[in-house]
Amino acid sequence: MKNYLAITDIPDLDLAIKEALNLKKDPLAFAKIGNGKTLGLLFFNSSLRTRLSTEKAAKNLGMEVMTLNVNSDSWQLEFEDGVVMDGTKAEHIREAAQVLSQYCDILAVRAFPGLLDKQKDEAEIVLSAFAKYASVPIVNLESSTAHPLQGFTDAITIHELTQKCRQEGRKPNVVLSWAPHPKALPHAVANSFVKTMLQSAVSLTITHPEGYDLDPKITKGSNVVKDQDTAFAKADIVYIKNWSSYSSYGQVLSQDPSWTITPEKLQFTNQAKVMHCLPVRRNVVIAGDVLDSDASAVIQQAGNRTWAAQWVLKKLLENGN
Ligand code: CP
């Protein structure tokens with residue numbers, strides 16, 4: 001593995017899940033592998049889980065960690081080629097990525113989409129520029145269209161939560177449900193979740209209101225059910241996430257509260273566990289009663305962020321970086 005930009009960079013997902021769960025059992029088993037190596041965390045956007053779990057993962061492997069909040073702490077970066085840089089952007093990515101590679105052995109980057117221009121967002125300008133100009137491996141901490149550390153975490157967590165299904169010799173029924181949110185949110189988490197589940201031994205159903213179809217290139221071959229209650233019937237896992245419209249790009253078309261996840265919504269499931277990548281707006285996306293109940297797996301899921309990140313960093317270090 002040269003970089004970790006997409007869930008498909010994991011060559012064998014089942015094996016990776018087993019290895020990540022071994023790291024969970026014994027976090028310091030490879031505490032020296034990263035000695036003398038530095039991870040650079042670059043944030044163009046806010047974070048709680050990604051920042052701290054990746055830092056913890058690196059430290060478990062013996063790495064040093066440096067974090068830069070790019071927009072607030074550093075020079076504004078120019079990503080376009082051939083521009084006359086006489087505006088607010090003081091440094092070009094061509095220099096910045098190479099300079100950061102002098103200080104860091106692995107660089108990890110978070111850069112959200114603008115949600116105004118689909119073509120521009122899908123070009124992954126920030127992530128692909130780092131991958132192009134840096135001389136060290138790049139880890140995607142959530143880009144315009146993908147959140148592969150979250151996707152890997154979700155696969156690990158679903159593996160843990162569905163032991164009973166495996167004992168019964170059946171595939172878990174996993175439902176990805178849209179839920180309302182007041183702001184326009186990216187598609188990255190939902191995209192990576194769908195891609196991960198389509199590689200996994202689960203039966204995936206996606207449910208959302210009219211106008212919220214995800215990118216058809218990503219959902220191709222998946223089962224989409226328009227009625228949330230129908231989708232939830234017999235679900236073992238319900239994965240909740242808001243995303244803005246993809247067809248009416250970046251727009252909030254609905255805030256319908258009947259899509260909020262409540263205890264009543266869960267009653268026809270197969271005692272489903274509820275997952276969400278967090279942060280979550282209580283009583284908008286998911287009812288507080290659900291988050292505070294035994295059905296909620298969101299804390300276990302957030303905890304697993306560390307083992308997903310640690311597996312990725314370990315693989316990159318083992319590749320001689
Ligand atoms: N789930 C997730 O990526 O959380 P943060 O935005 O807090 O990093």
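Residue numbers count from 1 along this sequence. Start at 1 and go down the list; that is how both ligands and their atoms are numbered.
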Please determine if Ser46 has a nitrogen or oxygen closer than 3.5 Å to a nitrogen or oxygen of ligand 1.
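No: no nitrogen or oxygen of Ser46 is under 3.5 Å from one in ligand 1.
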Return yes or no for this condition: an N or O of Arg51 is under 3.5 Å from an N or O of ligand 1.
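By distance alone, the answer is no.
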At less than 4.0 angstrom from any non-hydrogen atom of [X], what atoms of ligand 1 do you find?
X: Cys277; result: 1 (N)
X: Arg305; result: 1 (N), 2 (C), 3 (O)
X: His147; result: 2 (C), 3 (O)

If you measure from each non-hydrogen atom of Leu278 to ligand 1, which part falls under 4.0 Å: side chain, backbone, both or neither?
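For Leu278, the contact with ligand 1 is made by the backbone alone.
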Under 4.0 Å, heavy atoms only, figure out whether ligand 1 is touched by the backbone of Gln301, its side chain, both or neither.
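No part of Gln301 is near ligand 1 at this cut-off.
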Closest protein heavy atom (residue, atom, distance) for [atom]:
atom: atom 4 (O) of ligand 1; result: Arg49 NE, 2.9 Å
atom: atom 7 (O) of ligand 1; result: Leu48 N, 2.7 Å
atom: atom 6 (O) of ligand 1; result: Arg110 NH1, 2.9 Å

Applying a strict under-4.5 Å side-chain criterion to I, L, V, M, F, W and Y, I'd like to know whether Val194 and Trp178 cluster together.
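Yes, Val194 and Trp178 fall within the same hydrophobic cluster.
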Go through the side-chain N and O atoms of [X] and [Y] and say whether any donor and acceptor fall under 3.5 Å apart.
X: Asp256; Y: Ser254; value: no
X: Glu160; Y: Gln300; value: yes
X: Asn71; Y: Gln76; value: no

With sequence neighbours excluded, give me every ring-ring contact (aromatic ring centres under 6.0 Å, His included) pair touching residues 123-152.
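For residues 123-152, and leaving out neighbouring residues, the ring-ring contact (aromatic ring centres under 6.0 Å, His included) pairs sorted by first residue read Phe152-Trp311.
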How long is the straight-line distance from CD1 of Ile93 back to OG of Ser128, given to the nearest 0.5 Å?
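Atom-to-atom, Ser128:OG and Ile93:CD1 are 9.5 Å apart.
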Please check if the distance between the ring centroids of Tyr246 and His208 is under 6.0 Å.
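No, ring centres 6.0 Å or more apart.
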